[in-house]
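All remarks here apply to the structure that follows.
The first residue in the sequence is number 1, and the count goes up from there.
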Amino acid sequence: QVQLAESGGGSVQAGGSLRLSCAVSENTYSTYCLGWFRQAAGKERERVATIDGYSRTDYAESVKGRFTVSRDSAQNRLYVEMKSLKPDDTAMYYCAATGLRRTGGYCYTSPAQFYYWGQGTQVTVSS
């Protein structure tokens, strides 16, 4: 059982930056896909970014060029660096892990394919 715990959320003004961190309970390097998802009030949970065991990354269109996902296998941590934040980025952010992978080892993008989740960390961006 993989356990995850997010940290680093907070309140920032539009244009600001935040770095979220996720502690992962075991070495998931080259085994699991890891991802960041978010859920705004009244909306469905959506994928922000994923990173696979080969450190290949994939981003939602809405965050491309602004967010950067990375993983530290030595520290068992997942990160997302968020820049140029917008009010639309306001949401609860979750890190997640899954052993399921698409052909070629690429990560799925649907939250339904991720079965380990953290408790979430709130990000609020004010205009």
Side-chain angles (χ1 to χ4, degrees):
Q1 176 110 5
V2 178
Q3 294 179 324
L4 306 105
E6 305 90 342
S7 61
S11 296
V12 296
Q13 290 197 327
S17 300
L18 279 175
R19 186 193 196 205
L20 305 184
S21 177
C22 176
V24 186
S25 65
E26 63 185 66
N27 191 338
T28 59
Y29 186 70
S30 81
T31 302
Y32 284 86
C33 275
L34 301 177
W36 287 99
F37 294 80
R38 67 187 181 186
Q39 187 166 17
K43 295 187 177 181
E44 293 187 353
R45 192 168 296 188
E46 63 177 5
R47 185 266 313 234
V48 173
T50 56
I51 184 167
D52 66 22
Y54 301 99
S55 293
R56 296 173 299 194
T57 58
D58 190 42
Y59 297 90
E61 285 296 324
S62 59
V63 306
K64 274 185 181 178
R66 300 188 298 121
F67 289 16
T68 303
V69 62
S70 60
R71 63 194 292 173
D72 184 334
S73 59
Q75 299 293 325
N76 290 344
R77 284 192 170 268
L78 175 71
Y79 302 98
V80 62
E81 186 79 36
M82 306 185 296
K83 298 181 179 180
S84 301
L85 283 162
K86 306 174 182 179
D88 284 349
D89 295 318
T90 295
M92 185 71 77
Y93 282 71
Y94 300 89
C95 62
T98 181
L100 300 176
R101 285 163 288 176
R102 295 189 289 131
T103 301
Y106 294 95
C107 295
Y108 287 99
T109 59
S110 169
Q113 306 297 338
F114 285 74
Y115 42 78
Y116 297 116
W117 291 87
Q119 293 299 308
T121 185
Q122 178 69 35
V123 172
T124 302
V125 184
S126 58
S127 57

Exercise. What distance separates Phe67 CZ from Thr57 OG1, expressed to the nearest 0.5 Å?
Worked result: 14.0 Å

Exercise. Quick one: side chain to side chain donor-acceptor pair (under 3.5 Å) partners of Gln39, sequence neighbours excluded?
Worked result: Arg45

For this session: Any disulfide bond (SG atoms under 2.5 Å apart) involving residues 97-127? Give me the pairs, sequence neighbours left out, ordered by first then second residue.
Result: Cys33-Cys107

Exercise. Got a sec, which pairs hit salt bridge (Lys or Arg N to Asp or Glu O under 4.0 Å) with one end in residues 72-87, sequence neighbours left out?
Worked result: Arg19-Glu81

For this session: Would you check, one step at a time, whether the test side chain to side chain contact (heavy atoms under 4.5 Å, CB included) holds for Thr50 with Phe114?
Result: CA-CA 11 Å; Thr50 56; Phe114 285 74; 3.9 Å; yes

For this session: Would you give the length of the straight line joining atom OH of Tyr32 to atom CG of Asp52, rounded to the nearest 0.5 angstrom?
Result: 15.0 Å

Problem set entry | For the student: nearest non-hydrogen atoms of Trp117 and Leu4, plus distance | N-CD1, 3.7 Å

Name each donor-acceptor pair under 3.5 Å that joins a side chain in residues 120-127 to protein atoms two or more places apart or in another chain, with its distance.
from   : atom 1 : to     : atom 2 : distance (Å)
Thr121 : OG1    : Gly9   : N      : 3.1
Gln122 : NE2    : Ala91  : O      : 3.4
Gln122 : NE2    : Thr124 : OG1    : 3.4
Ser126 : OG     : Val12  : O      : 3.4

For this session: Could you note down all residue pairs passing disulfide bond (SG atoms under 2.5 Å apart) where residues 41-99 supplies at least one of them, sequence neighbours left out?
Result: Cys22-Cys95

Exercise. Does Ser62 have any side chain to side chain donor-acceptor pair (under 3.5 Å) partners at least two apart in sequence or in another chain, and if so, which?
Worked result: Arg38

For this session: Grab the two heavy atoms, one from Tyr59 and one from Thr68, that are nearest each other, plus how far apart they are.
Result: OH-CA, 3.3 Å

For this session: Only counting residues at least two apart or in another chain, list the ones meeting side chain to side chain donor-acceptor pair (under 3.5 Å) with Tyr106.
Result: Arg56

Problem set entry | salt bridge (Lys or Arg N to Asp or Glu O under 4.0 Å) pairs, two or more places apart, involving residues 58-68 | Arg47-Asp58, Glu61-Lys64, Arg66-Asp89

Exercise. Less than 4.5 Å apart, any side-chain heavy atom of Leu100 and any of Tyr115?
Worked result: yes

Problem set entry | Heavy-atom closest pair, residues Ile51 and Leu78 | CG2-CD1, 3.7 Å

For this session: Mind checking side-chain contact (heavy atoms from CB on, under 4.5 Å) for Ser70 and listing every partner two or more places apart, or none if nothing turns up?
Result: Tyr79

Exercise. What pairs meet the salt bridge (Lys or Arg N to Asp or Glu O under 4.0 Å) rule with one or both residues in residues 112-127, with sequence neighbours excluded?
Worked result: none

For this session: Name all residues meeting the side chain to side chain donor-acceptor pair (under 3.5 Å) criterion together with Tyr94; count only those two or more places apart in sequence or in a different chain, and write none if there are none.
Result: none

Exercise. Considering residues at least two apart in sequence or located in another chain, which fulfil the ring pair (Phe, Tyr, Trp, His ring centres under 6.0 Å) criterion with Tyr93?
Worked result: none

Exercise. Hey, does Leu20 have a side-chain heavy atom less than 4.5 Å from the side chain of Glu6?
Worked result: no

Problem set entry | Under 3.5 Å: donor-acceptor pair, side chain of Gln119, backbone of Ala5 | no

